[in-house]
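Below is one structure, written out as structure tokens; the observations come after it.
Sequence lines set the chain letters: A, B, ... in the order given, protein chains first and strands last, and positions in each chain run from 1.
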Amino acid sequence: MRTVLIVLLSFFVIHLQAQEIKGTWYYQGKFNGSFGRSENYREYWGRLIVHGDRSLFTMKEEGQHHAALQDNTIDLRGDSLFTVYKDHSSNSLLFEFSDLNQKTHYFADTLFPMEWNTTEEHKMIGGIPCLKAETRFKGRGYTAWYAPTITISDGPWKLGGLPGLILEAYDDENNWHMTLLGNSEAYDFDIAFFESKITKGIEGFPAFVGFVKKLFSRLESSFGSNSDCIGCQTKSVLKFHSWEKID
Amino acid sequence: MKKVSVVTLMMLMMFSTTYAAGSIKPGISNLKNEINKVKLENVQALNKVPAGCSVTMKGKLDLGPIEAEVSCTTTAATCNEATIQAVGCLRAAMNTLRTIIY
């Protein structure tokens, strides 16, 4: 009888472990499109859809795209920003980049390469106890508040790899900030689309850097040879900035 | 005759000491420096912008996590003039960007 009970309990534990965590975690936050050079904050909704080992994070702007209304800004932002697909089982991460023609490109990156400094500092987010962790990633310092009680080693954008879901994350200058609002049981997203990209083979971060640099130099050379300001005494200067360090 | 020779010798010594110490040469060099300074000041005066005002105007091409920033800095006698020039420069630059993109 005792043996039967132990076997049943073992099956129950194995079943619990094998059960996939599914659901959507909703975040709210902001992003400064000028990355600290000036104040250009916009409000965003973030969404992390988790389906077992796979997840998809996207950020969409709340309300109207204000930049489109300004004369001195050409707004070519994609419909969603910071879109990242993660597959823990194959140790893969894909991220999206929208070019000048608003064509979407996907590149691979390392899944959770960041080394976190975990601390004992704690706070409650939406009634969930969270612990603080800090890291440096691609030229910026980030702080994350993760919930050890939610056993999902994931978070907004490329962040993750902590022993719990990241409920709040922000960079040192607070140019990007995401805080959890709530969650739902919905978990649908097109996994097959991303898996097919991985299967076909996808270029990594160095290829992304090369792509962006090529795009910039093309823009720079066209810009240099296309001055249509007759009588202008001053020549304009073109500079490029990237959220992730790309040099 | 002996006195004359001693005086002449002393004068000769003084001259050679002064020359060796370089007190004549720097004098000429200082004069040259002064002349160059005046020349430089004249050149600067020709190129000088009278009591200027500098204005910088910026525009951008926003791709989200990537941004191309265009800036125009102009200096003119008055801020109004500088602003007009900067606006013209930036407008042209943004038009150029639009032409490249669209």
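- Scanning all heavy atoms of the two residues, the minimum distance from L81(A) to G64(B) falls at CD2-CA, 3.8 Å.
- E67(B) and G33(A) make their closest contact through OE1-O, 3.0 Å (heavy atoms, listed as atom of the first residue, atom of the second, distance).
- Rounding to the nearest 0.5 angstrom, the gap separating the CG atom in N72(A) from the NZ atom in K60(B) is 11.0 Å.
- Residues of residues 205-214 of chain A lying within less than 4.5 angstrom of chain B, judged on heavy atoms, are F208(A), V212(A) in numerical order.
- Nearest heavy-atom pair, L63(B) versus D99(A), reported as atom, atom and distance to 0.1 Å: CD2-O, 3.8 Å.
- Both the backbone and the side chain of S34(A) come within less than 4.5 Å of a heavy atom in chain B.
- No part of R218(A) comes within reach of chain B, as not one of its non-hydrogen atoms sits under 4.5 angstrom from that chain.
- Taking every heavy atom of both residues into account, F240(A) and A68(B) meet most closely at CE2-CB, 3.5 Å.
- To the nearest 0.5 Å, the span separating OG1 on T96(B) from CG on L219(A) amounts to 10.5 Å.
- Heavy atoms from other residues, nucleotides or ligands lying under 6.0 Å from CD of Q102(A) number more than 12.
- In this structure, NZ on K58(B) lies 13.5 Å from OG on S236(A), to the nearest 0.5 angstrom.
- Shortest non-hydrogen contact noted between R98(B) and I74(A) is CG-CD1, 3.6 Å.
- The two atoms that bring I66(B) and F216(A) nearest to each other are CG2-CZ, 3.0 Å, heavy atoms only.
- Residue P65(B) is tested with F97(A), W243(A), W176(A) for a side chain to side chain contact (heavy atoms under 4.5 Å, CB included); the sole match is W243(A).
- Contacts of L61(B) with chain A are made by both backbone and side-chain atoms, with heavy-atom separations under 4.5 Å.
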